[in-house]
2 protein chains.
Amino acid sequence: MITIKDVAELAGVSKATVSRALNNSGYVSPETKKKIDEIIEKYHYLPSASAVNLSKQETTTIGVVVPEIGNLFYADIVQGITRKADELDLSLVLFDTGNNMEREEKAIRVLQQQRVKGIILGPSIDYAESKRGKKLLKQLTDMHLPIVIIDRDFEQMPWDAVIYENYQSSYRAAQELYRAGNRTAAMIAGDMNLKIGRDRLDGFRKGAQDCGLELKEEDIFYGNFSMEDSYQLAKKLLTREELPDALYTCNNATTLGFLKAAKEVKRKAGVDIALIGNDRIDIVDILGMNISWIYRDTYNMGYTAMQLLQERFEHPDKPRSLCMIPYQVELNGSEKKKK
Amino acid sequence: MITIKDVAELAGVSKATVSRALNNSGYVSPETKKKIDEIIEKYHYLPSASAVNLSKQETTTIGVVVPEIGNLFYADIVQGITRKADELDLSLVLFDTGNNMEREEKAIRVLQQQRVKGIILGPSIDYAESKRGKKLLKQLTDMHLPIVIIDRDFEQMPWDAVIYENYQSSYRAAQELYRAGNRTAAMIAGDMNLKIGRDRLDGFRKGAQDCGLELKEEDIFYGNFSMEDSYQLAKKLLTREELPDALYTCNNATTLGFLKAAKEVKRKAGVDIALIGNDRIDIVDILGMNISWIYRDTYNMGYTAMQLLQERFEHPDKPRSLCMIPYQVELNGSEKKKK
DNA sequence: TTGAAAGCGCTAACAT
DNA sequence: ATGTTAGCGCTTTCAA
C-alpha cells in the first residue's frame, strides 16, 4: 500500500507539501499540485483513515446501534441514516444488539475505541427503568459525545431524540375513526410498562372520549406488543357476539397477530381496523376489510436522527431537542362505513 | 481522553508494559498486571482503535455494501452478517448504495481508506456487463482484499460468493407442485437479461418438463422483477377463462404484484401459488389461496457470507468457493389439491 | 512556496 | 519481568 511518503518522493517534494495538496490547506504552487495529483492518480493513492484520525484526533465515522436490523422498522431507519450520512460524507459503524444488553454494552465500548464522532442509538430497553440500563446510561454520558436516541424517550434523558408522536397521533386516530362513521371501538394495547405502550393507549382513549367514540374498558386488550400475544387477544375479540365498529392495534406485531386471528376466525366483515405499522400496506389491503392505515415514516426518522446529530456537531451547546414524528394516517374505505 | 501513556505513569511503569498487559503478550508480573488493571478500570481506559490499527497495520473492521438496506432482503442478510461478525469480534462499516454506481464507487473508496480487513458486497448491477461495472471490478481486484459477493455470480468473478441455488430450487419447485397434485402451471418470470432471471425460468421449466407438469410457452409471462410489471401480467393471467393449477412467481415484488391483481380480479380460487420471497409468509397466508411458499433464508445468507470471509482470512490461498443456498419450500395446503 | 521536525497513541523488536 | 526505542502514516507548527 502506497503511503504519503512514497508520493512525496515520487513527486520530489516533502510529505508536508503532499499533505497540503491533499487537504487544500496552506499554499502549494499550481505546478507541484499538478504533479502531486498525477502521482496520486497514477498510483491510486488513498490516505489511511487511521493515520489521519490519529493525527487529527478526530474521526469521520458515527456509530449506529439498533436492536434488530432485520426488523423492517430499524432497517428503514438505518436507510434514512445512511442517506443523510452519505450527504455529509460520514461513515457508519453498525451494531445489532439483538435486544441483548451485553451486546449493547459491548457495542458502546467498541464505538468508544473507534473514537466515533457521534452515536445514533435505538435502545433495546428503557434505560431509566433498570440498574443495568442506568449503568449503560452513565457509560454513555461519560463519553461526552453527541448522541441521538431513536424511538425512546425516558426521564432525565440528556440527549437529543427523535420519537414518534405516540400520544397525539393515537388521539388523532380515534378522531379520524369517529369522523369516518365509527361509534364503538376496541384496542389491542401494548405493554403498560413502556412509555410507548402507555402513550398509545392514553392518547387513543382520550381522543375517543373527546369525540364520543365509545371505548369500553372491556374492549381494551392488554398485550405486550408481540405477535403471539396479540393473536390470542384478537381471537378473543373476534369470537365475541358483537364486534365493535373499529379496532386500533398498536404496532406491527399486533397487526400481524390480529390478521392471523382474523384468518382463522374467518370473520372479516364488520370491523374497521386502524392498524399501526410501517409496512405491508399493499398486502393487508387485500383482506377485504376496511383498513385505516396509520403508519410510521421510519425512513424519515432515521434521516432526521442523522440531521439532529449533525446539528449537534455544529452547535454543541444548543438546548436538547426532541423531534416528534407524527404518524401518517390513511383512512382506506372507512369513509364508506355507516352505522 | 486518557491514553496509554497516562495509564503507564499512573501505574508507575512503561507504556510497553501496559501494552503487554493489555494484549497478554510477553511477560508481566501478576502484581503489575493487577495494578494496571485497576488503573484501567478506574479511569475507564480504552485504547484508541486508530492508534492500534496504525501500529499493527491491520484493522478489525469489515466493509458491508448493499444496494438498499431498507429492503428486507438485504436487511436480513445484514442481520446475519452482524451476528457472525459479533462472534468474531469484527466491526462493520455499512454502506447503502441505493443502486447507484457512483455511490458504490465512493463506498469502495472509503473502505479502502479505512483499510478494512475484507468486504462483503451486494453489487447493484452485474459487473461483467457494463464498462462502469468492469471498472469497479478492477478497482476491487486492485485492492487485493478478501471479498465475498452476495446474491450475484458473474463470469470471471475472482471472489468467493454466496448465492441462491436458483436453478436447482426452481427445478424442485416444479417437482413439488406436481407431487402435490398440480398438472398445469404458469410462471411470472423475471428479467431475462439477468442470470437470476434466466436460472429461475430455466430451472422451473426443466423441472416441469422432467416430471410432466405442463408449462406452455404462452403461460410464461416475462416481467422484470418489479411489482408494477408483475401486477399487469398477473391481471392478464387472472382474467383468462382457464386458470392453471399452479403459478410460480419469481421474487418478492412479483408476488406482491400478483396479490394485488388477485385482489382486484377477485378470483382467488383455483390457483396454487408457488411464491418466492423472504417475507410475508404470515400475511399471504390469510388470502385463502393455496400457497406454496418458497422462501429464501436471507439471514443464513449473510451469516454464511461472513463465514466465508473469515475462512478467507485464515486461508488466503484456498480455491474460490461458491456457496449455494437452497430455497426452503413449504407446501401449504397444496396437498389437498386434486385434479 | 516549501521543508524539517515533532507528535498523535499504540506495538514490537531489542536490551537489560 | 520491564524499559528503551523506533516506527506505523499522517498533520501541523515553525523556520527558511
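Every chain is numbered from 1, with letters handed out A, B, ... down the list of sequences. This one's a predicted model, so the numbers in the text were calculated from it and none came from an experiment. These numbers come from the heavy atoms of this one structure, side chains and all, not from hydrogens, waters or symmetry mates.
Of all the heavy atoms in B:Asn99 and B:Ser124, the pair that sits closest is OD1-CB, 3.2 Å. Among all heavy-atom pairs drawn from A:Ile69 and B:Ala75, the shortest one is O-CB, 3.5 Å. When all heavy atoms of B:Ile163 and B:Arg152 are compared, the pair lying nearest together is CG2-O, 3.3 Å. The minimum heavy-atom distance between A:Pro158 and A:Thr141, with the atom names listed, is CG-CG2, 3.8 Å. Smallest separation of non-hydrogen atoms from A:Pro47 and A:Val52: CB-CG2, 4.3 Å.
Relative to the side chain of A:Ser19, the nucleotides D:dT12, C:dC10, D:dT2 differ in distance, and D:dT12 lies closest.
The CE-P distance, from B:Met1 to C:dG7, rounds to 22 Å in whole Å. Straight-line distance from the CG atom of A:Asn24 to the P atom of D:dT11: 12 Å, rounded to whole Å. Regarding A:Ile4, its CD1 atom lies at a distance of 18 Å from the P atom of D:dG7, rounded to whole Å. Put simply, CG on A:Asp6 is 13 Å from C1' on D:dC10, counting in whole angstrom units. In this entry the distance linking NZ of B:Lys5 with P of D:dT5 reads 15 Å, nearest Å. Between the C1' atom of D:dC8 and the CD1 atom of A:Ile2 lies a distance of 16 Å, rounded to the nearest Å. Between the P atom of D:dG3 and the OH atom of B:Tyr27 lies a distance of 17 Å, rounded to the nearest Å. Atom CG of A:Asn23 and atom P of D:dT12 are 7 Å apart (whole Å).
A donor atom on one side chain and an acceptor atom on the other are not found under 3.5 Å apart for A:Gln307 and A:Glu311. A donor-acceptor contact closer than 3.5 angstrom is absent between the side chains of B:Gln79 and A:Tyr74.
Proximity of a side-chain donor or acceptor of B:Asp76 to a complementary backbone N or O of B:Tyr299 within less than 3.5 Å is not detected.
Listed in residue order, the members of residues 38-60 of chain B having a heavy atom less than 4.0 Å from DNA chain C are B:Tyr45, B:Pro47, B:Ser48, B:Ala51, B:Val52, B:Ser55, B:Lys56.
Nucleic acid contact for B:Ser25: none, since no nucleic acid atom lies under 4.0 Å from a heavy atom of the residue.
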N/O to N/O distances under 3.5 Å, protein versus nucleotides 3-6 of chain C:
{"residue": "C:dG3", "atom": "OP2", "partner": "A:Ser14", "partner atom": "N", "Å": "2.8"}
{"residue": "C:dG3", "atom": "OP2", "partner": "A:Ser14", "partner atom": "OG", "Å": "3.1"}
{"residue": "C:dG3", "atom": "OP2", "partner": "A:Thr17", "partner atom": "OG1", "Å": "2.7"}
{"residue": "C:dG3", "atom": "N7", "partner": "A:Arg20", "partner atom": "NH2", "Å": "2.9"}
{"residue": "C:dG3", "atom": "O6", "partner": "A:Arg20", "partner atom": "NH1", "Å": "2.9"}

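Separating the CZ atom in A:Arg109 from the CG atom in A:Leu136 is a distance of 10.0 Å, to the nearest 0.5 Å.
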